[in-house]
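See below for the structure under consideration.
Naming convention: chains lettered A, B, ... in sequence-line order (proteins, then strands); numbering from 1 in each chain. Heavy-atom basis, side chains included; hydrogens, waters and symmetry copies ignored. Note that the structure is a prediction, hence the values are computed from the model and not measured.
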Amino acid sequence: MDAIYRPEVIEPEAQQHWEEKQAFKAVEDTSKPKYYCLSMFPYPSGKLHMGHVRNYTIGDVLARYHRMKGYNVLQPMGWDAFGLPAENAAIANDVAPAGWTYSNIDYMRKQLKSLGLAIDWSRELATCKPDYYRWEQWLFTKLFEKGVIYKKMATVNWDPVDHTVLANEQVIDGRGWRSGALVEKRDIPMYFFRITDYAEELLSELDNLPGWPERVKTMQRNWIGKSFGVEIHFPLAERHEVGGEVLKVFTTRADTLFGVTYVAVAAEHPLAQQAAGHDPALAEFIAECKQGSVAEADMATMEKKGMDTGLKVYHPFTNEPIPVFVANYVLMGYGEGAVMAVPAHDERDFAFAQKYALPIKAVIKPTDGELELPLPAAYTEHGVLFDSGDFSGRTSEDAIEKIALVLKNLGLGERRTTFRLRDWGISRQRYWGCPIPIIHCPSCGDVPVPEDQLPVVLPEDVKIDVGSPLKKMPEWSNCACPKCGGKAERETDTMDTFVESSWYYARYACPDLDKGMLDERANYWLPVDQYIGGIEHAILHLLYARFFHKLMRDVGLVNSNEPFANLLTQGMVVAETYYREQPDGKKLWLNPADVETVDGVHLLKADGKPVIAGGTEKMSKSKNNGVDPQALIDKYGADTARLFMMFAAPPEQSLEWSDAGVEGAHRFLKRLWKMVYDHIEQGAANAYSGGELSDALKDFRRQLHQTIQKVTDDIERRKQFNTAIAANMELMNAMAKLEGEDSLTRSLRQEALEAIVLMLAPIVPHICRVLIKALRPGACLVGAAWPTVDESALVQDEIELVLQVNGKLRGKLKVAAAAAKEAIEAAALASPEVQKHMEGKPAKKVVVVPGRLVNIVV
RNA sequence: GCGAAAGUGGCGGAAUUGGUAGACGCACUGGAUUUAGGUUCCAGCGCCUUGCGGCGUGGGGGUUCGAGUCCCCCCUUUCGCACCA
């Protein structure tokens, strides 16, 4: 064994060894429990960022730990290779998206390999390859035939100058990012997955996912948004007749029905369109509503505007006329595209009514009090009805039931359950994506591409400018109708990249299968036992993948209900930002790697002049605060990078980048190396296997086995690696204080060092591979077992209790582990520290918490 | 705007079930080693106080023998909002 720790030598050696031995190749084996460990696959953006390093290290620690525990482990890797950035890069650098993507994959694969991940690379896949997406297209055609996929109009962001559809991300302050033109809403036909058909199951199955973080489940529940309410019909004619025209609205607060003072409809609502026909001002307002992006955050924060249509609807009970407004905050895509407004009991309606001087009519008051009138703000709680005809005096809950019942009898409404969740539109007017396998035939309509004509291959040799090249390639889009053989055209839209990422986890089980999408191997490996990825995916990706799993189940491809048994949502990697004000007032962002801090002053290394700290933020290009993991790996090695990432914060929290912290991690590895080296230099030793121990050695051995117990629990149950590392550091500190070179002491040192090296092996595998070989000649890290706890070493005869007087710490007390409560109480009262702070007063109460403390109340 | 989290020393964080707040590490200070720098090792390190002791987990209130942890209100920050991935 070398005296000096040289990561630059041992890491490539270890990686080469693992690759040659195919050490992490996963083979289906029913004799062992399986463990499928999956980290979210990366988008091949160019090079790895710190978030990737963190994500894949967490996964690797869990994969390697379970391997040591005897599981048959699968840890695969692949590429989420379709997407918008490739098209942007293509325009910027005049290269084809495919070439750009493949070269990024090659570079990033090399980077991933330098991290020493225990990955089965033989299962690697890329979603942009036809052998992957052909099965997505195949499933699409099956689902289209089943009716799970359908076509309808949907609203998109339209750039009127570039004549392209914009992603929400490409709309900045209501303008197209390239053209700067004001964005408009435009309706175009799109394909949709009927995810709402699965809303109920997606909601209820969350209860069967104990391995998911509560907060993710809560977010998904709220996103699905099941609500119980009432559909209410407002007649358009004063004397309503059964079957007459009505305006339908949905509300969860039918109890406030008598407080309705107006109704509001979306700009696209037929009533609004009808009214605009003979009102130019209204037509202009409706046109204005068409401006701006379709993003909900924008819609919800914009100024609420409306205009009276002059039309009236009639209250279903009182028959009073109610004005119909067009409002920019009512969305056609939601429910009926119309809402009833109750200013007295809804904050948004209250603000709107004040702005347009509409009446505010209170009809709900608190159960145990009166309302302050006139209302200073909307009263949104449930309560008791008043001024509500026959329903006055009823509670909100009761009134909702009764009102629904009466409405039903009148034929003007009924109870309804709705979901906030909308169907998933997957059409994208982009090039770099999976082609939608539909052929448009003038006589047969939308015809799915027959199985024997799949895949519909995306041409890779293209020139990109504004808009998708597919729309300008008749040689690609012109084809024969599979049904009638007549002239037809291919769909030129591609699929949302979320579709590819919704089933890749299953394809890893059988990436080589060319006769189908999945085979029985998928049922061997699924569900994924541990899924790891960023918290930003808590809703969309995870919901779509859950949905897709159920779709695959319902066509017989998999036999489980949920794709991911356990989920770990990793926090972001953040770093300090630094900037300088430019003469034009703009900020010039400077990379933290180029800034040094001396006595609390931040200086640019290049010129030694100060820069301004802009706060800690997520590593990003825009703030130039990304730290390249490659520089870190080149300087210190992968083990230091891995250790720092795992030690600096628990995985679910955000992780703050720190140069000094990296130094500390590296120092620790050098210390570990030296400890093993110094021990081995003293000659071979066998791990402790019995014999009488002094109190000091007994204490040390107890600490060793307590540490094994804690680290096992930290990794397996708590998934908190920072405390697992800290416990090993504490054990090493204790060992450094252990003196003596007698064989008993040395045998304990041997036992402890072996355990420490094995416990750290999942985190820092390269160094531990060398150290375990040094400690146990002939040993091999791959296949080494996780250390076990010797229960007999944990036994303790005497324990220390904390003494409190009135809840304040006043002293400590050593008692026999088996001491009776009464004896502890007596000993505590007799202790001089306690006596002093009781000041002669009698004890009112004595609380004894076994094994913990005694609290004396005076 | 809506939904979900987070807030503890100079810094990252620990405290797992309501029971010793600050483990472990970084930074800093002092000492040893070294020609020096670096490295390594040892010791100290929440705030106030000479001391006894007091105060202290974003702010305010509450429950409890006992609250970082539970409850109510407020503030700040972060993530998501359906075409970024």
Side-chain angles (χ1 to χ4, degrees), chain A residues 40 42-43 45 80 82-85 154 156-157 165-171 190 213-216 218-219 221-223 225 293-302 304 329 333 347-348 420-430 496-498 501 534-541 543-544 569 571-572 574 600 615-618 644 647-650 652-665 667-668 670-671 674 710 713-714 717-718 720 722-723 725-730 733 736 800-804 806-809 812 844-847 849 851-853 855-857:
Chain A
M40 290 180 186
Y43 176 78
S45 53
D80 187 13
F82 276 137
L84 198 53
V156 294
N157 302 309
V165 174
L166 298 176
N168 283 336
E169 192 194 47
Q170 298 171 313
V171 179
M190 300 214 311
E214 211 47 60
R215 67 163 156 159
V216 174
T218 306
M219 282 192 267
R221 280 188 194 104
N222 292 338
W223 185 262
S293 94
V294 297
E296 191 178 299
D298 293 340
M299 305 281 287
T301 47
M302 73 186 172
K304 309 288 178 287
Y329 64 85
E347 279 169 29
R348 193 173 60 182
R420 205 186 76 97
L421 183 69
R422 312 198 292 256
D423 274 340
W424 176 16
I426 53 111
S427 293
R428 298 291 178 269
Q429 299 67 47
R430 304 260 161 66
D496 180 359
T497 56
F498 271 127
S501 58
I535 182 67
E536 67 272 21
H537 297 292
I539 297 176
L540 291 180
H541 162 61
L543 191 66
Y544 291 147
T569 49
M572 294 171 315
V574 299
T616 308
E617 298 202 39
K618 177 175 177 171
F644 168 72
F647 182 61
E652 309 230 73
Q653 283 181 32
S654 66
L655 182 148
E656 195 172 321
W657 175 256
S658 151
D659 283 319
V662 174
E663 286 280 354
R667 192 147 57 217
F668 172 79
K670 284 199 283 189
R671 190 162 172 241
K674 188 166 186 296
K710 179 182 168 51
D713 186 50
D714 277 352
R717 181 181 64 88
R718 301 180 69 210
Q720 192 152 313
N722 56 331
T723 50
I725 295 163
N728 275 296
M729 287 174 168
E730 281 182 78
N733 291 343
E800 196 176 55
L801 297 182
V802 162
L803 297 178
Q804 293 181 336
N806 287 338
K808 283 191 170 27
L809 174 69
K812 288 181 182 175
K844 225 194 272 177
K845 188 174 178 183
V846 181
V847 182
V849 183
R852 284 260 180 204
L853 57 72
N855 187 18
I856 293 150
V857 187

Using only atom types and a distance under 3.5 Å, with no angle test, would you say the side chain of R420(A) pairs donor to acceptor with the backbone of W223(A)?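 Yes, because the side chain of R420(A) sits within donor-acceptor range (under 3.5 Å) of the backbone of W223(A).
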
Presence of [X] side-chain N/O under 4.0 Å of [N] phosphate oxygens OP1/OP2:
X	N	result
Q429(A)	rC83(B)	no
N168(A)	rA82(B)	yes
Q653(A)	rG12(B)	no
R852(A)	rG18(B)	no
R215(A)	rU78(B)	no
S658(A)	rC26(B)	no
N722(A)	rG12(B)	no
R718(A)	rU17(B)	no

Using nucleotides 60-65 of chain B, report all nitrogen or oxygen pairs with the protein that are shorter than 3.5 Å.
unit_1: rC65(B); atom_1: O2'; unit_2: N855(A); atom_2: ND2; d: 3.4
unit_1: rC65(B); atom_1: O2; unit_2: N855(A); atom_2: ND2; d: 2.5

Using atom [atom1] in both nucleotides, what's the gap between [N] and [M] to the nearest angstrom?
N	M	atom1	result
rG59(B)	rU64(B)	P	23 Å
rG56(B)	rG66(B)	P	15 Å
rC84(B)	rU63(B)	C1'	47 Å
rC24(B)	rA85(B)	C1'	35 Å
rG18(B)	rU57(B)	C1'	15 Å

Classify the ring geometry of W424(A) against Y544(A): parallel below 30°, tilted from 30° to 60°, perpendicular beyond 60°.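 Rings of W424(A) and Y544(A): parallel, under 30°.
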
Closest approach to the side chain of R428(A), judged atom by atom: which nucleotide of rC83(B), rA82(B), rU20(B) is it?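 Looking only at side-chain atoms, R428(A) lies closest to rC83(B).
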
Closest-nucleotide 5' rank along RNA chain B - winner of M729(A) and P85(A):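 Nearest-nucleotide comparison on RNA chain B picks M729(A).
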
I want to confirm an ordering. Mapping N733(A) and L655(A) to their closest nucleotides on RNA chain B, which one lands closer to the 5' end?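 The 5'-side residue here is L655(A).
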
Taking all non-hydrogen atoms of both residues, which atom of S501(A) and which atom of H541(A) are closest, and how far apart?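 Answer, listing the atom of S501(A) first, then H541(A): O-CE1, 3.0 Å.
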
In plain terms, say whether R221(A) and E214(A) are close enough for a salt bridge, that is, a side-chain N and a carboxylate O under 4.0 Å apart.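 Salt bridge: yes.
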
As a test of the definition: with a 90° window around 0 for syn, would you call rG9(B) syn or anti?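 Classified syn.
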
Nearest-Å distance, [atom1] ([X]) to [atom2] ([N])?
X	N	atom1	atom2	result
D298(A)	rG1(B)	CG	C1'	11 Å
M219(A)	rC2(B)	CE	P	17 Å
E347(A)	rG3(B)	CD	P	10 Å

Between the base of [N] and the side chain of [X], is one N or O donor paired with an acceptor at under 3.5 angstrom?
X	N	result
K812(A)	rU20(B)	yes
K674(A)	rU39(B)	no
R671(A)	rU40(B)	no

What contact category does M572(A) fall into here, base, sugar-phosphate, or nothing, at under 4.0 angstrom with non-hydrogen atoms?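 Counting heavy atoms under 4.0 Å across all strands, the contact made by M572(A) is with sugar-phosphate only.
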
Which is it for Y329(A) and M299(A) under the side-chain contact (heavy atoms from CB on, under 4.5 Å) test, yes or no, and what are the steps along the way? CA-CA 6 Å; Y329(A) 64 85; M299(A) 305 281 287; over 6 Å; no

